[in-house]
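Each remark here refers to the structure printed beneath this line.
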Amino acid sequence: MTTMLTSDLPLPKIGRGKVRDIYAVGDDRLLLVTTDRISAFDVVMNETIPFKGAVLTQLSAWWFRQLEGVVPHHMISADIDAIIAAVPQLRDHRAQLSGRTMLCQRTKVFPIECVVRGYLSGSAWKEYSASGTLAGEALPQGLLESQKLEPAVFSPATKAETGHDENITITRMGEIIGEEDAYTLESMSRAVYSAGEVIAREQGIIIADTKFEFGRDASGRIILIDEVMTPDSSRFWASDVYQPGRPQPSFDKQPLRDYLDGERRAGRWNGEAPPPPLPAEVVEATSLRYRDAYRRLTGLDLKIA
């Protein structure tokens, strides 16, 4: 599979995130093209990670299918033949887009990252260990790092175009988007996480935390959008080696983070753009992590054509 750093399609490009290029398909649909770009510590690397875009697209598509009947979502198709039939302008770009492209309903996106934390880890653990809180709200005393949170904690954040998202309280979320919509987004987030957590655990994977995005479609419905429970939006742990009280090995970009941490400690990188060049072994190890997460969760081999 040819890696992709950026795309150039005969459609109006309306957005470019750290990973995805977004194109308009008429007034009511979007084409999401997931590149092989990768970021860490809010810096986009110069190298691509083979198969990463395909993993994110196909894993999200797999989850959308699993979630039928749980919440409505924006996916129309992730099948390249169906997409080209719907958007004939893409016919000459089939090889480039196969496996990494999703045709979706267009929505008005809520400016909120809906984070559900089932376990106390990452930035949540840092805040809790310092102050006993999460997003400024108190948690029970005496919790361990990586301990299961019962019930799971809903922890919204404001979406940042660059830099870090900012954790906010549910009260603040209600002030931004309205209390009724805030309640709906929390309820839908919990429903998706609960369903996903059960499915993943059956495959030996713990979804420690994850983030969702939602939008309102043309009919006024609130629907699940963007990516769903992927290594980029979630923290995956292997259930057979899980042990609270310490950090857990993750199925994500940890090889990349470890390398960059080493470069910072050695004084060869200041943590800002431009990033240092990535050795081939770091690129390959990161690619293997993504593919392993896909295979473990779905039980399928990645389809790349």
Side-chain angles (χ1 to χ4, degrees), residues 55-75 78 102 112-125 128 134 139-140 143-157 170 182-215 221-254 289-303:
V55 166
L56 298 186
T57 296
Q58 294 180 42
L59 186 54
S60 289
W62 183 84
W63 276 120
F64 283 133
R65 293 190 290 268
Q66 306 305 308
L67 294 168
E68 294 290 350
V70 178
V71 296
H73 58 75
H74 74 161
M75 184 176 75
M102 187 179 293
I112 299 292
E113 297 275 8
C114 294
V115 182
V116 181
R117 301 183 184 276
Y119 293 76
L120 190 58
S121 186
S123 62
W125 167 248
Y128 175 79
L134 176 55
L139 292 180
L143 298 179
L144 302 175
E145 182 175 7
S146 304
Q147 183 168 337
K148 184 175 176 62
L149 296 168
E150 299 185 280
V153 173
F154 179 72
S155 172
I170 297 174
Y183 174 80
T184 299
L185 264 56
E186 178 179 356
S187 298
M188 292 177 71
S189 297
R190 289 186 177 278
V192 175
Y193 178 76
S194 295
E197 201 272 338
V198 170
I199 292 169
R201 189 174 288 275
E202 292 173 350
Q203 306 302 319
I205 296 291
I206 293 171
I207 302 179
D209 54 55
T210 190
K211 64 181 180 180
F212 306 115
E213 293 193 41
F214 295 89
R221 286 189 315 166
I222 295 176
I223 64 175
L224 181 63
I225 65 170
D226 198 55
E227 64 182 320
V228 183
M229 292 182 283
T230 73
D232 271 19
S233 66
S234 315
R235 201 184 309 265
F236 294 148
W237 298 335
S239 59
D240 58 351
V241 297
Y242 166 70
Q243 183 179 345
R246 59 173 175 81
Q248 313 296 313
S250 296
F251 291 96
D252 60 7
K253 60 184 80 169
Q254 198 59 51
R289 285 286 184 99
Y290 277 85
R291 283 178 276 167
D292 193 22
Y294 178 86
R295 191 162 38 247
R296 286 188 180 226
L297 273 169
T298 68
L300 304 170
D301 290 326
L302 188 68
K303 183 180 178 181

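Position 1 is the first residue of the sequence; numbering continues from there.
Taking both residues in full, the closest heavy atoms of Gln147 and Pro244 are given as CA-CB, 4.2 Å, listed atom of the first, atom of the second, then distance. A pairwise comparison of heavy atoms in Tyr294 and Leu59 identifies CE1-N, 3.8 Å as the closest pair. Heavy atoms only, all atoms of each residue included: Leu56 and Pro231 are closest at CD2-CD, 4.1 Å.
Between Phe154 atom CZ and Tyr193 atom OH the span is 13.5 Å, to the nearest 0.5 Å. Here the CZ-CG distance, from Arg235 to Asp209, works out to 4.5 Å after rounding to the nearest 0.5 Å. Here Asp226 contributes atom CG and His74 contributes atom NE2; the two are 6.5 Å apart, rounded to the nearest 0.5 Å. Rounding to the nearest 0.5 Å gives a distance of 7.5 Å between CD of Glu227 and OG of Ser234. One finds the CG atom of Leu185 at 10.5 Å from the CD atom of Glu213 (value rounded to the nearest 0.5 Å). For the atom pair Ser121 OG and Arg246 CZ, the distance stands at 11.0 Å (nearest 0.5 Å).
Residues Met229 and Leu67 have side chains in contact (heavy-atom distance under 4.5 Å, counting atoms from C-beta outward). Side-chain atoms of Phe64 and Leu224, non-hydrogen and from C-beta on, do get closer than 4.5 Å to each other. By the 4.5 Å heavy-atom criterion applied to side chains, Val116 and Ser194 are not counted as neighbours. Looking at Tyr128 and Leu149, their side chains never come closer than 4.5 Å, going by heavy atoms from C-beta outward. Side-chain contact between Arg117 and Ser123: present, with at least one pair of heavy atoms (C-beta onward) separated by less than 4.5 Å.
Considering Asp232, Thr230, Asp252 in turn, Asp232 is the only one that fulfils the side chain to side chain donor-acceptor pair (under 3.5 Å) rule with Tyr290.
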For Leu302 and Arg295: C-alpha separation, side-chain torsions, deciding distance, then whether side chain to side chain contact (heavy atoms under 4.5 Å, CB included) applies. CA-CA 7 Å; Leu302 188 68; Arg295 191 162 38 247; over 6 Å; no

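Between Trp237 and Tyr242, the two ring planes are parallel [angle under 30°; tilted spans 30° to 60°].
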